*Asks:* 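Below are the structure tokens for one structure; questions will follow.
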Amino acid sequence: TDFDIFEDTHGVLWVGTKDGLCFLDRHLNIYKRFAHDPQDEKSISGDKVKCIYEDSDENLWIGTDHGLNLYDRNTNKFIRFFDKPFKGRKLPSIVINAITQDRSGTIWIGTDIGFLSFDPKTHTLINYDDLNSNGEKFLPPLVTSFFEDKSGILWIGTFQGLIKWDRKPNKFKLFSKNSTGNSLFANNLIASLSQDNTGLVWVGTWGSGVFQFNPLTGERIQFSTSTKSSICNDFVHSIFLNHKNELLIGTRDGVQMYLASSKQFVDYFSFNGINSIGLFRNNRVYSFAEDRKGNLWIATKIGLFQVR
């Protein structure tokens, strides 16, 4: 994503932009922007912030177009991770697109050239550059997204398709083509991932709409402008499940919500009787977040919006 938003455990709202990282403490009414300073090695490593993630120890990880950062809350400074070789290993790319932590505590880092895992306890860094799926090798892909499902399986969205990592028996499987050689997710340019409350995986693409994927059966249903599913745009930047278990998708033309009863997408604002005064028409929606009060925050190309 080009614009990320995240609320941490302290209730602070963090907004990643192309001009740095913004900090908004709504309780103390404090706003601050962190920008890269070439003269300060403890400043954030790049101004274009692509992802924000808080781990189980309340460490805040920031991925930029110029490296990975760990924010030090005590000093308001940043520690640049892996900007130099670490135990003989280094990041395959300085462009960090996605970060997550699995239930074992391992940090996963997605870049423009593959992905890595980092164990913060043992400081073990593994670069998965020798990948194979069912005995067939594939190149380290551009990674856009991660999520760990309810059964502990890690799903990785890439520009080569969908990767499934099962820790037992520690194998990767690439969902890219079927037995006849046809692509499973149209152009396989996966931009976003999520899972709904029924266990179905939702796969957002750049240019082919969104897919509903059953991880147990492998069944896929495509929702796109060409499938008469009422979706407004085929570029899906983000997918979000809110506290009401409503599935929202952010597109290049606003926010859509999925109605399971009719298996159709509707405009989120119109359906909920909210007058958006045209602000989301032709507006790219990059990410969503919910705060502890249940307010929805939407990061878009033209700015940040709050829906109460």
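Only a predicted model underlies this, so the values are computations on that prediction, with no experimental measurement involved.
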*Asks:* Closer than 4.0 angstrom, basic N to acidic O: yes or no for D19 and K48?
*Replies:*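 Result for this pair is no, no salt bridge flagged.
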*Asks:* For F235, does the six-membered ring have the charged nitrogen or CZ of R252 within the cation-pi criterion, i.e. under 6.0 angstrom from the centroid and within 45° of the normal?
*Replies:*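 The answer is yes; both the distance and angle limits are met.
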*Asks:* Could you tell me whether D291 and R26 make a salt bridge, using a distance below 4.0 angstrom between a side-chain N and a carboxylate O?
*Replies:* yes
*Asks:* Is a side-chain donor or acceptor of D234 paired with a backbone partner of T225 at a separation under 3.5 angstrom?
*Replies:*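 Yes; at least one donor-acceptor contact below 3.5 Å.
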*Asks:* Measure the acute angle between the ring planes of W165 and W108, then classify it against the limits of 30° and 60° as parallel, tilted or perpendicular.
*Replies:* tilted
*Asks:* For a quick test of reading the model, state the closest non-hydrogen atom pair linking D4 to C51 and the distance between them.
*Replies:* OD2-CA, 3.3 Å
*Asks:* For F223 together with F265, are the ring centres under 6.0 Å from each other?
*Replies:*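 Yes - the distance between ring centres of F265 and F223 falls below the 6.0 Å cut-off.
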*Asks:* If only side-chain N and O atoms count, and only distance matters, is there a donor-acceptor pair under 3.5 Å linking Y128 with S117?
*Replies:*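 The answer is yes; a qualifying pair exists.
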*Asks:* Looking at every heavy atom in both S43 and H36, which two are closest together, and how far apart are they?
*Replies:* OG-ND1, 3.8 Å
*Asks:* Could you check F175 against F185 for ring pair (Phe, Tyr, Trp, His ring centres under 6.0 Å), going step by step and ending with a plain yes or no?
*Replies:* CA-CA 8 Å; F175 292 88; F185 299 103; 7.4 Å; no
*Asks:* State plainly whether the residues R103 and E148 are in salt-bridge range, i.e. N to O under 4.0 Å.
*Replies:*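 Yes.
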*Asks:* Do the ring centers of H123 and F118 come within less than 6.0 Å of each other?
*Replies:* yes
*Asks:* For S56, does its backbone N or O pair with a side-chain atom of Q101 as donor and acceptor, under 3.5 Å?
*Replies:*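 Yes, because the side chain of Q101 sits within donor-acceptor range (under 3.5 Å) of the backbone of S56.
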*Asks:* Ring centroid separation for Y31 and F23, is it under 6.0 angstrom?
*Replies:*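 Distance test on ring centres: not under 6.0 Å, no.
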*Asks:* Quick test of your reading of the model: are R73 and E54 salt-bridged, counting only N-O distances below 4.0 Å?
*Replies:*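 Salt bridge flag = yes for E54 with R73.
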*Asks:* Please determine, by modelled atom types, if N69 and W61 share a side-chain donor-acceptor pair under 3.5 angstrom.
*Replies:* no
*Asks:* Over 60° means perpendicular and under 30° means parallel, so tell me whether F115 and F146 are parallel, tilted or perpendicular.
*Replies:*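 If you compare the ring of F115 with that of F146, the planes turn out perpendicular.
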*Asks:* Between T64 and G46, which heavy-atom pair has the shortest distance, and what is it?
*Replies:* CG2-O, 3.6 Å
*Asks:* Please say which of N76, N59, D8 ends up in a side chain to side chain donor-acceptor pair (under 3.5 Å) with Y71.
*Replies:* N76
*Asks:* Quick one: does any side-chain atom of D102 pair with a main-chain N or O of T106 as donor and acceptor, under 3.5 Å?
*Replies:*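 Side chain of D102 to backbone of T106, a donor-acceptor pair under 3.5 Å: yes, one is there.
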*Asks:* If you measure only the distance, is there a donor-acceptor pair under 3.5 Å linking the side chains of R292 and T9?
*Replies:*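 No donor-acceptor contact under 3.5 Å links the two side chains.
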*Asks:* When the ring centroid of F138 is compared with that of F172, is the distance short of 6.0 Å?
*Replies:*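 Ring centres of F172 and F138 not closer than 6.0 Å.
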*Asks:* Side chains of D196 and N245: any donor to acceptor distance under 3.5 Å?
*Replies:*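 Side chains of N245 and D196: no pair found under 3.5 Å.
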